[in-house]
Amino acid sequence: MSKFRTLVMFTVLAAVTLVLLLGVNRFEKRLDAQVAEHKLRFTGEIRNAPPMVIFTTVALGSFRGIVADLLWLRAGALQEKGNYFEMVQLARWITDLQPTFSGATAYLAWNMAYNISVTCSSFADRWRWVNEGIRLIRDQAMYYNPEDPIIYKELAWIFSHKLGNILDDANLYYKNQLAIQMAGIVGSGGNPDWEKLAAAPASERDFLKKYPETHGIWKAAASAGYQDYAALFKAFEGSAPELPQNFAAQLGNDQKLKDALRDYFRAELLRQKLKLDPVRIVKINKKYGLLDWRVPESQAIYWATMGAEKAPGGHDLSCDRIVTQALYESFRAGRLMMVDEKNFGSIIVVPNLALVDSVFDTFVETQKVHDGEKNFYSTFRSARINFMKEAVTILYNYGKFKKAAEYYKKLEDEDGKQKEGSLEKFIMAQWAEDVRDAGVKKASEIISGLIFRSISYLVYNDHDAAVANERIARYIYKSYMSDMGNSERTKLPPFNEMKKNVLENCIRVFPPAMVEVLKAKIAAEQAESAIDEKFSDQRKRVK
């Protein structure tokens, strides 16, 4: 009888165990589905980790937290003593020990980019620390946490605030270095044919599949002294953004093949060095308009967009705020006109007028997602109204009168306060206000816009309007420089240098017929100036 009871008991237990296992399995599948749907991650899960991280994770087990805490204490002591280089190594160890602890990595990167960098008097040293913070997030934290929106948000913030803003005295140096970095990969213009870069092979594996060892490029590479892919890629890295000259010579006159190879190597170097994917850049350009990827706001938009995509529901308030703000700044001063590697202070940016509609639409859509379309007190609505006020002025300054009138009408519909006056009265009031409290970006926008209008009127033979606009530009320039131009952080380039750069831009963007007229006008003005100088010298001799 006892044996029978024992057998029954084991049978019942086996049945219960089987039922529980089936239940756990079913429940696990449901959890896995929810993890996939909401892009969640496991706290202890470490993906793509190198052997050393895997070893410490397995060998130390739960003691990793204790070791990391001790390293945190050591890092704090080193910072107080100013031993920053040793602190960087400790930060990397902490990240290796706790690679999925996004908050730790974000804090360490922020500490490098903000706290440590400003202790350096040299702008070059500051840039190294800011760049070190960027790399800690972009090259290491993202490697371990590809689905964590916090990481992307923190990186976007550094680009938007630390590099894009003017709060740091070295901000022009940062912008200059970032522009040089990008130009060194994709070309001096900073904006190659992104469609072609996106269409190039997406990896080394795809490249070797497209160009197998029997392809003629490998014979050309061998003749140039490059025996394999690694050697060829390293050579391009040293000669970027163009193919090595000896390799290009061996390819002969096949320019189409040269361009295809150059586009691939540029794209791959961009993926490896800056972790930017040309395919995603094309998507962002199509959504918002052609961004200048040499300015920090563009990269802030890139990383914030990725962060929002990783968040549950495809939206994250912090990331969406960064996108709207960076897009706004890209409209205000998102097109790089000049960068000088030897003189970082001469960097000149102008508004990217093509973005105006996408900025407005993005504010509207973001408000709808986070605050509701009818929410009168939404911060996105307030920001949109401020944007429209600036957009009207900027568009008007740059001669886009029809578009300025369109946005003035939108402003009237949104904010009834503007119904008291005409567009022209509104512009004059804005100019007066802007001169009083303009920042360097705003002042540059106004002055460059007035110079642009002056040149446009000159081409259309409206000499009086051309002179009037240049006089206003000089007046605003003089007023701004007398109030704000005594600081390296806020002063503007010389007026003649700004005029020269706007003039060069007009020659690039005007239709050929207008360019010919403009050149003739410039030549006539120069000849007239030479005559005036000659008579002036003669009068001085007579006296």
Side-chain angles (χ1 to χ4, degrees), residues 156-157 160-161 164-167 288-289 291 295-298 300-301 304 317-335 349-398 400-401 403-449 476 480 484 490:
W157 177 253
S160 176
H161 186 262
N165 217 316
I166 64 168
L167 299 177
Y288 299 119
L291 300 173
V295 299
E297 287 80 11
S298 298
I301 292 170
L317 179 59
S318 297
C319 290
D320 288 344
R321 285 191 187 279
I322 292 174
V323 169
T324 55
Q325 186 61 36
L327 197 59
Y328 185 177
E329 291 300 320
S330 291
F331 166 75
R332 294 180 64 220
R335 193 158 56 88
V349 289
V350 296
N352 189 344
L353 302 180
L355 301 178
V356 61
D357 290 335
S358 64
V359 179
F360 180 84
D361 293 341
T362 302
F363 271 122
V364 171
E365 180 62 28
T366 308
Q367 177 185 338
K368 189 185 301 182
V369 170
H370 294 290
D371 294 338
E373 187 175 2
K374 305 294 184 181
N375 190 337
F376 185 83
Y377 300 100
S378 168
T379 56
F380 292 106
R381 177 183 178 275
S382 300
R384 186 170 72 251
I385 291 174
N386 291 333
F387 157 71
M388 285 190 286
K389 290 179 180 178
E390 285 204 76
V392 170
T393 307
I394 292 172
L395 291 167
Y396 193 92
N397 288 345
Y398 279 83
K400 304 293 184 181
F401 305 120
K403 200 70 175 177
E406 176 189 330
Y407 270 83
Y408 186 67
K409 179 64 170 59
K410 287 184 176 182
L411 182 60
E412 284 184 325
D413 294 340
E414 187 79 41
D415 186 9
K417 297 176 183 178
Q418 310 306 323
K419 292 185 178 181
E420 300 173 357
S422 66
L423 170 60
E424 287 70 23
K425 288 182 179 179
F426 174 80
I427 294 296
M428 295 303 294
Q430 290 297 110
W431 279 346
E433 182 180 340
D434 290 338
V435 172
R436 287 195 300 270
D437 55 6
V440 64
K441 278 187 177 182
K442 170 65 74 175
S444 179
E445 290 165 7
I446 296 171
I447 294 166
S448 297
I476 293 176
Y480 175 84
M484 304 290 292
T490 58

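Along the sequence shown, residues are numbered consecutively beginning with 1.
- By the side-chain hydrogen bond (donor to acceptor under 3.5 Å, both in side chains) test, N352 is found to be paired with no residue, residues two or more places apart in sequence or in another chain being considered.
- Under the side-chain hydrogen bond (donor to acceptor under 3.5 Å, both in side chains) criterion, Y407 pairs with D357, sequence neighbours left out.
- Summarising the geometry, atom CG belonging to N165 is positioned 7.5 Å from atom OG belonging to S160; distances are rounded to the nearest 0.5 Å.
- Checked against side-chain hydrogen bond (donor to acceptor under 3.5 Å, both in side chains), K368 has no partners two or more places apart in sequence or in another chain.
- Under a 4.0 Å N-O distance rule, the pair R332/E329 qualifies as a salt bridge.
- Shown here for V295 and G334, the closest heavy-atom pair between the two residues is CG2-O, 3.8 Å.
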For this session: For R321 and T379, run side-chain hydrogen bond (donor to acceptor under 3.5 Å, both in side chains): C-alpha distance rounded to whole Å, both residues' side-chain angles, the deciding distance at 0.1 Å, then the answer.
Result: CA-CA 10 Å; R321 285 191 187 279; T379 56; 3.2 Å; yes

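- For E406, the side-chain hydrogen bond (donor to acceptor under 3.5 Å, both in side chains) partners at least two apart in sequence or on another chain are K403.
- Between F360 atom CZ and K410 atom NZ the span is 4.5 Å, to the nearest 0.5 Å.
- Taking both residues in full, the closest heavy atoms of T366 and T362 are given as OG1-O, 2.6 Å, listed atom of the first, atom of the second, then distance.
- Side-chain contact between F331 and I394: present, with at least one pair of heavy atoms (C-beta onward) separated by less than 4.5 Å.
- F401 contributes atom CZ, which lies 9.5 Å from atom CD1 of I427 (distance to the nearest 0.5 angstrom).
- The side-chain heavy atoms of Y480 and I446, taken from C-beta on, include no pair separated by under 4.5 Å.
- Residues passing the ring pair (Phe, Tyr, Trp, His ring centres under 6.0 Å) test with F363, sequence neighbours excluded: none.
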Problem set entry | Verdict with supporting geometry, E365 and D361, side chain to side chain contact (heavy atoms under 4.5 Å, CB included) | CA-CA 6 Å; E365 180 62 28; D361 293 341; over 6 Å; no

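- Residues that satisfy the side-chain contact (heavy atoms from CB on, under 4.5 Å) test with S358, not counting sequence neighbours, are Y288, L327, L355.
- The ring pair (Phe, Tyr, Trp, His ring centres under 6.0 Å) search around Y328 returns F387, not counting sequence neighbours.
- In this structure, CD on Q325 lies 10.0 Å from NE2 on H161, to the nearest 0.5 angstrom.
- A pairwise comparison of heavy atoms in Y396 and E424 identifies OH-CG, 3.9 Å as the closest pair.
- For the pair L291 and S298, the tightest heavy-atom approach, listed with the atom from each and the gap, is CB-OG, 3.5 Å.
- Looking at every heavy atom in both residues, P351 comes nearest to R335 through O-NE, 3.6 Å.
- Here S378 contributes atom OG and Q367 contributes atom CD; the two are 4.0 Å apart, rounded to the nearest 0.5 Å.
- Each salt bridge (charged side-chain N to carboxylate O under 4.0 Å, His left out) pair with one or both residues in residues 369-384, not counting sequence neighbours, appears once here: R381-E414, R384-E414.
- Remark: S448 pairs with V350, Y398, S444, M498, V502 by the side-chain contact (heavy atoms from CB on, under 4.5 Å) rule, at least two apart or across chains.
- The side-chain contact (heavy atoms from CB on, under 4.5 Å) check on A156 picks up W303, A304, I322, with sequence neighbours excluded.
- Rounded to the nearest 0.5 Å, atoms CZ (F376) and OG (S382) are 8.0 Å apart.
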